[in-house]
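Given the structure is predicted, the values throughout are model-derived calculations rather than measurements. To find a chain, count down the sequence lines: A is the first, B the second, and so on, and within it residues start at 1.
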Number of protein chains: 2
Amino acid sequence: MKQSDRDRSIRLLWEAPAEPTRGPKAALSQSRVVEAAIRVADAEGVDALTMRRVAETLGNTAMSLYRHVPGKAELLDLMVDAVWGETDPAPAGPWREGLEFFARQMWAMYRAHPWMLQLTTSRRMPGPQAMTRMDAAFAVVSELGLQSEEIVAVVTTVAQFVDGVGRTMADRVQAERESGVSEEDWWSGREALWEHFTPERLPMMTHIWNSGGFESPLDEFEFGLARVLDGLAVFVEAEERPLVRRETCL
Amino acid sequence: MKQSDRDRSIRLLWEAPAEPTRGPKAALSQSRVVEAAIRVADAEGVDALTMRRVAETLGNTAMSLYRHVPGKAELLDLMVDAVWGETDPAPAGPWREGLEFFARQMWAMYRAHPWMLQLTTSRRMPGPQAMTRMDAAFAVVSELGLQSEEIVAVVTTVAQFVDGVGRTMADRVQAERESGVSEEDWWSGREALWEHFTPERLPMMTHIWNSGGFESPLDEFEFGLARVLDGLAVFVEAEERPLVRRETCL
DNA sequence: ACACTCTGTGTACAACGTAAGCAGTTAAGC
DNA sequence: GCTTAACTGCTTACGTTGTACACAGAGTGT
C-alpha cells in the first residue's frame, strides 16, 4: 500500500515526467510546485510548509498541487534532491581536501536551507542529485586503497558529522524565526533557570560559566570538522585497522 | 505569551511540586503521566505519543492529563529529563575514558529510548538530570587544563556526535516499526531504485556495491567514536591550538 | 452546613493532509 | 467542425491533532 507510494517517488526523482499532449495547458508544473515549496520552507520554515501555503504562494488552491505531485511525502523527496542539485560534487584530489570540500558543500547547503535537516529520515528516497554527490565523495576516498566497507564508513562519518552540527543550527534558526528572539537573548532571559545553576548542584558548569566559557563559543562546525578529519587521518595512516561490524539493529 | 509557558517548564523540572491539601485524592500524578508517556513512546514511537493515547493507557480521558501537566511541550521536557536520570554520570578519571563513558551512556540511553532524538530541539528546557551528566562530562575534560571555551567545545563535539549517530538509528527504528519491514529488506525491495544505479551514472557507488561494501557495514557508533576521540587526542596534545570563534548565526 | 479547591469529563475549534466528485478546457480522431 | 477522451483546478468533506472552556462531583477546611 505505502510501498507503491515510495516507488512512485523513485519514478518522479529518477525519470523525466512524460509531457501530456491533450488537455489544457497547465499553469502549474512539478518543478514550479517544488520551487515554490522550497521558497516557502526557506522563508517560513518547515512548519509553514503546508499544501495550502504552497498553493497560496502560487495563487492556487491546495488540491491543485495534487495534479503535479502525488502527495506531500513525494514533494519533500523532490525538494531535497533539488537542493542537492545546487551543490558542487567534490573534485578529484587528495582525500582530506576532497572530504573537506564535501563537508563544506553540505554545510553551505544546510545554511541556505536549514529545513533539509528536519525532514531527513532514514527512508527518504535518494535522488540522482544527492547520489551524484555521494559518488564523488566515495571517489575521493577511494584513492586511499581502503576496503570497501572502510570507504563507506569514512564518508558516512563525515556526512553524519555535518548532519549533526547542521541539525543543531537548523533548530536554532527555526526557534529564532518562530520566536523573533535570538538564541542568546532568549537564554539570557531565562533567569528562572539560571537561579538553579548553583555551584553545589553543578560545580563545573558554574565554574566554566564564571570563567566565560559560554560567552563566545567556538565555531562548532570548524572545530568539529578539524577533529573529525584529524581522527580519520589517524585511521588511514594506521598500519592495523580493527573493524567492528554492525550488529543487527533492534 | 509563550515565554510564560517555558518558565513553567523550568519550575516543573527544577522545583518539587507543591502537594495540594484540599480536594479529592488524585488518581493521576505528574510522575505517573510522565512514566505512561515514556512507555507509550518506547512501545509505539513518537508519532503515537498523543495526549489521547497517553490518557488511554492510564484509563482516563485526554483532558485529565492537563490537571498534572500544563501541556504537551512541558510533558516532553519532563520525559526527556526523566530519561537522562536513568544514566550514570561519568566518574572522575582520565579524559579519554571519561568521555568514552559519557558517550556510551548517551548511546545506551538513545538505544533504549530512540524517540528522545526526535524531540531534541534547541530550546528544549534542560533539566537537572541532564545538566548533572553534562557537569560530570565537563569535569572529566577539565583535568586537561584547556581554556573554558575549549572544554565546552570538546564535550559538545562528543555529545553532538552521539546525537548524530543516534538520530540515524532512531529514524531506522521508527521506520522499521511503522512498516514492519527491516531496513535491509525494505531497501533491497526497491528494485525500481537500483535500476538507476548504473556504472555510467554512479561509477564509484556501483563499484563499491559490487565489491560488497554495503553488505555488512561497520558499526557507525564504534567507528565514529574512535575517530572522534582520536581527533580530540590530536587536539589536546597539540602545542598550538588555533581557535575559530563562532560568527553570529543568521 | 458552607465555602473553597481540586479532579476528571464532555464538547468544541482550528489546522492539517487528502479522498471524491465536478466543471471547464484543450487536442486528437473522425 | 464535431465528438470524445484526457487533463486541470476547485469545492466539499472527513478524520486526527492539541487544547480552551464550562461543569459536575469530591474532599478539606471553617
Subject >> Interatomic distance where CG belongs to N60(B) and P belongs to dG10(C) [whole Å] >> reply: 11 Å
**OP:** Could you tell me the separation between the CZ atom of F138(B) and the OG1 atom of T156(B), rounded to the nearest 0.5 Å?
**Re:** 5.5 Å
Subject >> Value in whole Å for how far the P atom of dT9(C) lies from CG of L58(B) >> reply: 11 Å
Original post:
Cationic tip of R190(B) within the cone over W186(B)'s six-membered ring, i.e. under 6.0 Å and within 45° of the normal?
Top reply: yes
Original post:
What residues form a ring pair (Phe, Tyr, Trp, His ring centres under 6.0 Å) with W107(A), not counting sequence neighbours?
Top reply: F221(A)
**OP:** Among residues two or more places apart or on two chains, list those pairs meeting salt bridge (charged side-chain N to carboxylate O under 4.0 Å, His left out) that have a residue in residues 34-51 of chain A.
**Re:** E44(A)-R53(A)
**OP:** Have a look at the helix from dA1(C)-dT30(D) to dC30(C)-dG1(D) and give the angle its two end axes make, five pairs each, rounded to 10 degrees.
**Re:** 10°
Subject >> Separation of atom CZ in R32(A) from atom C1' in dT8(D), rounded to whole Å >> reply: 14 Å
Subject >> Listed partners of F102(A) passing ring pair (Phe, Tyr, Trp, His ring centres under 6.0 Å), at least two apart >> reply: none
Subject >> With sequence neighbours excluded, residues passing salt bridge (Lys or Arg N to Asp or Glu O under 4.0 Å) with R104(B) >> reply: E100(B), E222(B)
Subject >> Parallel, tilted or perpendicular: rings of H196(B) and W14(A) (30°, 60°) >> reply: parallel
Subject >> Phosphate contact (dG8(C) OP1 or OP2) by H68(B) side-chain N/O below 4.0 Å >> reply: yes
**OP:** Decide whether T168(A) and Q160(B) meet the rule of one side-chain donor and one side-chain acceptor closer than 3.5 Å.
**Re:** yes
Original post:
Would one find a side-chain N or O of T61(A) under 4.0 angstrom from OP1 or OP2 of dC10(D)?
Top reply: yes
Subject >> Sequence-aligned protein contact record of nucleotides 12-22 of chain D, with B where the base is within under 4.0 Å of a protein heavy atom and S where only the sugar-phosphate is >> reply: -B---BBBBBB
